[in-house]
A.B. asks: 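Structure in structure tokens, see below.
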Amino acid sequence: MSQIFHRSTNTLARVTIFGALFIVVGSLFAINEFTRSDYITHAFVAREQPVQFSHKHHVGDVGLDCRYCHTSVEKSASAGIPPTRICMNCHTQIWKDSPYLEPVRASYRTGKPIHWTRVHHLPDFVYFNHSIHVAKGVGCSTCHGRVDQMPLMMQVNSLQMEWCLDCHRNPERALRPKNEIFNTTWTAPSDQEERGKRLAKEYNIQARAVLESCSTCHR
Amino acid sequence: MSIGKYLILLITPFALVSCRNEMHDQPKAKSYRASAIFDDSLSMRPVVEGTVARGYLRADPLYDQGKMIDASGKSIDAATFPFPVTKTILDRGQERFNIYCSPCHGMTGEGDGMVVRRGFRPPPSYHMDRLRTATPGHFFDVISNGFGTMPDYAMQLSPADRWAVVAYVKALQVSQHATVAEIPPPIRSELDAPKTATAAPSKPE
């Protein structure tokens, strides 16, 4: 019986076997990277808003404290989107004729809220609480980045569970002194590890088992 | 295991991926989420007018309104604080003042804050005679109800915080009108200390 396959198919068969391995590993790697990519997490994507509100201007240039507008960040789960009245504290007189601010004035006149586009969107099965993080020494910029440099708000972290856990497993890397929480320019000093451990003790940060527990964030 | 079982194992994870949004975006009301049910699109329902939350009756004229009754039975701005002012209260007042008041009034209360420099009508300086002699109750009333172009800050500052801010404003007024003789001797010596010691305050831990 004559040979059905040419000799070269031996090589082809070997290449295919290794190739299959390569394709499987390669696509696993690609999926792994893709699910963490900015395309999926929407990180670094500036959202269009009904009013092109600039944190860079209000925080970076004017120097407003985060809490001037986000009044409930120290007391409740939500940091608080300011009601239109807080905008109008200043904008009754400043830029009061600007067409850019017409949606704000319209909202103030009619009492209808402005429909902002949410930037930091956590899944509904996560029960994040701002106040506990602020009270325990986690600063705004640790999660939200340099908002004082953002003309339009964007997310700078993945907000994925592994990102949350990374900090819950090593909280001392992020802990700041009380008076630096709202400082957007804060950077960790060179001896952060040592300071963080001291602060963790001072703030009574819970044991790792509690911080890692499912029910800490999922209820 | 047969090939069929392997296939099922391989495909199942991909099938699960497509389920994620159901639990991510549940049809429930959360803070600031728009509502399809109500006309004004607010999930956070405004409370009925006149609602008093437990513990928020705020009926004490002195503590909650900064008022007292004078000799003729008239309600006037309180001349005193409802509680003794401590360093803790002053520190709280400084923090709250710097957040909510300094944008217009400036860090020292001169009325030269950043918002004023951007064109807002300048508020009067705290260091003019009329305001230096004003009672704590007057400042409390202005924070609670606004004054002239200044809107009220009742929403941002609880009565306790308002008193703390008033205490800090009073301290600011003293700070700009103090004489060397009024400074306690132990601290007075710091005035003569070399400039570097005061110019670079040690960073708080």
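A, B, ... follow the sequence lines: proteins, then strands. Residue 1 opens every chain.
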A.B. asks: Looking at every non-hydrogen atom in both residues, tell me the closest pair between R118(A) and S31(B) and how far apart they are.
C.D. replies: NH2-O, 3.9 Å

A.B. asks: Atom OG in S158(B), atom NZ in K75(A): separation rounded to 0.5 Å?
C.D. replies: 7.0 Å

A.B. asks: Could you tell me the separation between the CZ atom of R85(A) and the CG atom of D152(B), rounded to the nearest 0.5 Å?
C.D. replies: 4.5 Å

A.B. asks: Heavy-atom count check: over 12 atoms from other residues, nucleotides or ligands less than 6.0 Å from Q94(B) CD?
C.D. replies: yes

A.B. asks: Is the count of non-hydrogen atoms from other residues, nucleotides or ligands lying under 6.0 Å from E194(A) atom CD greater than 12?
C.D. replies: no

A.B. asks: Please rank F120(B), Y100(B), Y153(B) by heavy-atom pairs under 4.5 Å with chain A and give me the top one.
C.D. replies: F120(B)

A.B. asks: Among S72(A), G63(A), C90(A), single out the residue with the greatest number of heavy-atom pairs under 4.5 Å to chain B.
C.D. replies: C90(A)

A.B. asks: Pick one of side chain, backbone, both or neither for I81(A), based on which atoms fall under 4.5 Å of a heavy atom in chain B.
C.D. replies: both

A.B. asks: I'd like to know whether NZ of K56(A) has more than 12 heavy-atom contacts from other residues, nucleotides or ligands below 6.0 angstrom.
C.D. replies: no

A.B. asks: Ion pair present between R67(A) and E95(B), side-chain N to carboxylate O less than 4.0 angstrom?
C.D. replies: yes

A.B. asks: Count the heavy atoms of every other residue, nucleotide or ligand shown that sit under 6.0 Å from CD of E193(A), and state whether that count exceeds 12.
C.D. replies: no

A.B. asks: Ignoring hydrogens and angles, tell me if any N or O in the side chain of Q156(B) forms a donor-acceptor pair with the backbone of T71(A) under 3.5 Å.
C.D. replies: no

A.B. asks: Return the minimal non-hydrogen interatomic distance between M155(B) and I86(A), and the atom names on each side.
C.D. replies: CE-CG1, 3.8 Å

A.B. asks: Answer yes or no: is there a side-chain heavy-atom contact under 4.5 Å between P113(A) and L42(B)?
C.D. replies: yes

A.B. asks: Closest heavy-atom contact between P123(A) and H24(B)?
C.D. replies: CG-CE1, 3.5 Å

A.B. asks: Under a 4.5 Å heavy-atom cut-off, does chain B meet the side chain of T92(A), its backbone, both or neither?
C.D. replies: side chain

A.B. asks: Top residue by heavy-atom pair count (under 4.5 Å) with chain B, among T110(A), L122(A), I94(A)?
C.D. replies: I94(A)

A.B. asks: Is there a side-chain contact between K28(B) and D124(A) (heavy atoms, below 4.5 Å)?
C.D. replies: yes

A.B. asks: Go through the atoms of R176(A) and report whether side chain, backbone, both or neither lie under 4.5 Å from a heavy atom of chain B.
C.D. replies: neither

A.B. asks: Does the side chain of H121(A) reach to within under 4.5 Å of the side chain of D25(B), using non-hydrogen atoms?
C.D. replies: yes

A.B. asks: What residue, out of V126(A), N89(A), D65(A), T35(A), has the most heavy-atom pairs lying under 4.5 Å from chain B?
C.D. replies: N89(A)

A.B. asks: Would you mind checking which part of E74(A) comes under 4.5 Å of any heavy atom in chain B, side chain (CB onward), backbone (N, CA, C, O), both or neither?
C.D. replies: side chain

A.B. asks: If you count the non-hydrogen atoms of other residues, nucleotides and ligands that lie under 6.0 Å from CZ in F22(A), is the total more than 12?
C.D. replies: no

A.B. asks: I'd like to know if D61(A) pairs up with R118(B) as an ion pair, taking the criterion as any Lys NZ or Arg NE/NH1/NH2 lying under 4.0 Å from an Asp or Glu carboxylate oxygen.
C.D. replies: no

A.B. asks: Please find the pair of heavy atoms, one from G80(A) and one from Y32(B), that lie closest to each other, and give the distance.
C.D. replies: CA-OH, 3.3 Å

A.B. asks: Kindly check if the number of other-residue, nucleotide or ligand heavy atoms within 6.0 Å of CZ (F147(B)) is above 12?
C.D. replies: no

A.B. asks: Considering only heavy atoms, which portion of P83(A) lies under 4.5 Å from any heavy atom of chain B: side chain, backbone, both, or neither?
C.D. replies: side chain

A.B. asks: Using non-hydrogen atoms only, which part of N98(B) is less than 4.5 Å away from chain A: side chain, backbone, both, or neither?
C.D. replies: neither

A.B. asks: Is it the case that over 12 heavy atoms from other parts of the model lie below 6.0 angstrom from the NZ atom of K96(A)?
C.D. replies: no

A.B. asks: Identify the two heavy atoms, one from H115(A) and one from S41(B), that lie closest to each other, and give their separation to 0.1 Å.
C.D. replies: NE2-OG, 3.2 Å

A.B. asks: If I measure from the heavy atoms of chain A, does R33(B) come under 4.5 Å with its side chain, its backbone, both, or neither?
C.D. replies: side chain

A.B. asks: Answer yes or no: are there more than 12 heavy-atom neighbours, outside R121(B) itself, under 6.0 Å from its atom CZ?
C.D. replies: no

